[in-house]
Structures are given as C-alpha cells and as structure tokens.
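The sequence lines fix the lettering, A, B, ..., with proteins before strands; numbering per chain opens at 1.
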Protein chains: 2
Amino acid sequence: MIDHEGPTPLYMQVADAITARIDAGDLLPNRPIPSENQMVQEYGVARGTARKAIQLLRDRGLVITVVGRGTYVAAANDGPTSAR
Amino acid sequence: MIDHEGPTPLYMQVADAITARIDAGDLLPNRPIPSENQMVQEYGVARGTARKAIQLLRDRGLVITVVGRGTYVAAANDGPTSAR
DNA sequence: TACCATTTGTCCGTATGTATG
DNA sequence: CCATACATACGGACAAATGGT
C-alpha cells in the first residue's frame, strides 16, 4: 500500500489511499474515517504524517473534522465548489 | 433519531430533537420536558450527555430548570432578547 | 414525625479523538 | 515519539431538593 522508499510523500500516499476507499464506497458519507492512531497502525506511518494526510483530505473537501469526536467523510454535496 | 456514528455531537442532536418537539408544539410552555433519565432511555445516551443537551437548551433560553422538580419549556416571551 | 420516589447537582474515573508543543 | 490540553461520551456513586404517603 504505502511505499516508504518512493519519491511520493507519505502523507500524500495515505491521503490517496483514504480517497480511494471513499471513492470505492468503502468509507461512507457521515461515517468516520480511520482515526489518527489507526492510520499509524494500518499504514505504519508517524502520527504527524497521518495528521498531514487528514489535513490534505480536508483541503480537498472530502472529510470534515469535529474536535473530540473524529473525522468523517463529507456529506454528498459538501465540495468546495458546490454544484448548482 | 440520534445518529451515534455521525459527526454531530450527541448532546447537540438531543438538544435539536427537543427543540424540534418544542417548535412542533409537542412540548408546551410551562410543561416539563423529558427528565434526564427519560432521555437516557429514549435516546440511548449517557446521563452526562442528556445534561449537556439540557444545558444547551438553557443557553438558548428555551427551557428553565427547577432542582428536584424538572426542566420546563420556557414561557412565551422568555427569549434572551425579550421585546422591549 | 419519618419515609420514599423522582429529579437535578456534583463528583469520581475511564476511554477515545483531535490540537498543540 | 512523547507529553499535555481540550472535547466528547460513558458509567457509577452519592448528595440535595421536591413532593407525596
């Protein structure tokens, strides 16, 4: 899954992996994505790397974060450029 | 009613549910809202979560609490910005 | 008087998750 | 990595207030 030796930054690889799971319907809207600690376990990266990946997903508008609760897949039309 | 897996904090969902019942006229002014223990039963949350929801309703000026008696829907003009 | 049931108030601890240094 | 802080959520235990028997 994650290539620790390749040129692509780890946090991008993790973000892309989560994005793929969202696109595949493995992670559903309004449902939690793996926590920071779970990403550390599952992808073998540092917590800071997991946080960077989540930050990237936030910037893409794919997820939302609620302090004290977790990070969730954004609802259907929560994209930055909402269609109308 | 309450989405235990969603991103919205449970105490907010409970507060919104009670607010909806007040707006719908299901809970009338000067009449009690469900007790903390009833909320625990009806919504499947912890008592601390029910208390936080009630605290939120108090902050909104929608209800008033009497120790040993219960929490009641605020009378008509008991809003935070009372007219005149 | 004394009891009792109900309800709110307050404290304890545990767990999880994010935010920050 | 680690520690700290904050927010959410759960569970238990006991006190205080209220109203009725």
d(CE, A:Met39; P, C:dT16) in whole Å: 17 Å
What is the distance from atom CD of B:Gln13 to atom OG1 of B:Thr8, rounded to the nearest 0.5 Å? 5.0 Å
Between the protein and nucleotides 1-4 of chain D, list every N/O to N/O distance that falls short of 3.5 Å.
none

Per the end-axis method with five pairs at each terminus, what is the bend angle of the helix from C:dA2-D:dT21 to C:dG21-D:dC2, to 10°? 20°
Can you name the nearest heavy-atom pair linking A:Tyr72 to A:Asn30, along with the distance? CD2-O, 4.0 Å
Determine whether A:Tyr11 and A:Leu27 fall in the same hydrophobic cluster, where Ile, Leu, Val, Met, Phe, Trp and Tyr are linked whenever their side-chain heavy atoms lie under 4.5 Å apart. no
Per-pair distances, 0.1 Å, donor-acceptor, side chain in residues 46-53 of chain A, under 3.5 Å, sequence neighbours excluded:
residue: A:Arg47; atom: NE; partner: A:Glu36; partner atom: OE1; Å: 2.9
residue: A:Arg47; atom: NH2; partner: A:Glu36; partner atom: OE1; Å: 2.8
residue: A:Arg51; atom: NH1; partner: A:Glu36; partner atom: OE2; Å: 2.6

Working to the nearest 0.5 angstrom, can you tell me the gap between A:Ile22 CD1 and A:Leu28 CG? 10.0 Å
Please report the shortest heavy-atom distance between B:Arg21 and B:Glu42, naming the atom on each side. NH1-OE1, 4.0 Å
Return the value, rounded to whole Å, for the distance between atom NE2 of B:His4 and atom C1' of D:dC10. 11 Å
Tell me the interatomic distance from B:Ile33, atom CD1, to C:dT7, atom C1', rounded to whole angstroms. 12 Å
B:Ile54 atom CD1 is separated from C:dG9 atom C1', nearest whole Å, by 12 Å
B:Arg58 CZ to C:dG9 C1', in whole Å, measures 10 Å
Report yes or no: do A:Ile64 and A:Val14 belong to one cluster of Ile/Leu/Val/Met/Phe/Trp/Tyr joined by side chain heavy-atom distances under 4.5 Å? no
In terms of hydrophobic clustering (I, L, V, M, F, W, Y; side-chain heavy atoms under 4.5 Å; direct or indirect links), are B:Val73 and B:Met39 co-clustered? yes
When rounded to whole Å, the CD to C1' distance for the pair B:Glu36 and D:dA15 reads 14 Å
For the pair A:Arg60 and A:Asp16, evaluate salt bridge (charged side-chain N to carboxylate O under 4.0 Å, His left out) and give the outcome as yes or no after the intermediate values. CA-CA 11 Å; A:Arg60 290 177 181 171; A:Asp16 289 343; 3.1 Å; yes
Closest heavy-atom pair and its distance - B:Ala74, B:Pro29: O-CB, 3.7 Å
With respect to the phosphate group of C:dG17, does any side-chain polar atom (N or O) of A:Thr65 fall under 4.0 Å of OP1 or OP2? no
Work out which heavy atom in A:Val45 is nearest to a heavy atom in A:Val40; give both atom names and the distance. O-CG1, 3.3 Å
For B:Glu5 and D:dT8, what is the distance between atoms CD and P respectively, to the nearest whole Å? 18 Å
Does anything in residues 7-16 of chain B reach DNA chain D, meaning a heavy atom under 4.0 Å, and if so which residues? B:Pro9, B:Leu10, B:Tyr11
Under 4.5 Å between side-chain heavy atoms, hopping through other hydrophobics if needed: is there a path connecting B:Leu10 to B:Leu57? yes
Measuring from atom CD of B:Gln38 to atom OH of B:Tyr43, what distance do you get when rounded to the nearest 0.5 angstrom? 10.0 Å
Residue pair A:Gln55 / A:Asp59, side-chain donor-acceptor N/O under 3.5 Å: yes
Do B:Ile18 and B:Leu62 sit in the same hydrophobic cluster, where Ile, Leu, Val, Met, Phe, Trp and Tyr count as joined when their side-chain heavy atoms come under 4.5 Å apart? yes
Take atom NZ of B:Lys52 and atom C1' of D:dC6, then tell me their distance rounded to the nearest Å. 10 Å
Heavy-atom protein contacts under 4.0 Å, nucleotides 16-21 of chain D, coded B base, S sugar-phosphate only, - none: -BSS--
Do any side-chain nitrogens or oxygens of A:Thr71 fall under 4.0 Å of OP1 or OP2 in C:dG17? no
Below 3.5 Å is the cut-off: list the nitrogen or oxygen pairs between protein and nucleotides 13-15 of chain C, distance only.
none

Salt-bridged, A:Arg31 to B:Asp3, with N to O below 4.0 Å? yes
From the list C:dG17, C:dT7, D:dA9, which nucleotide is the closest neighbour of the side chain of B:Thr49? D:dA9
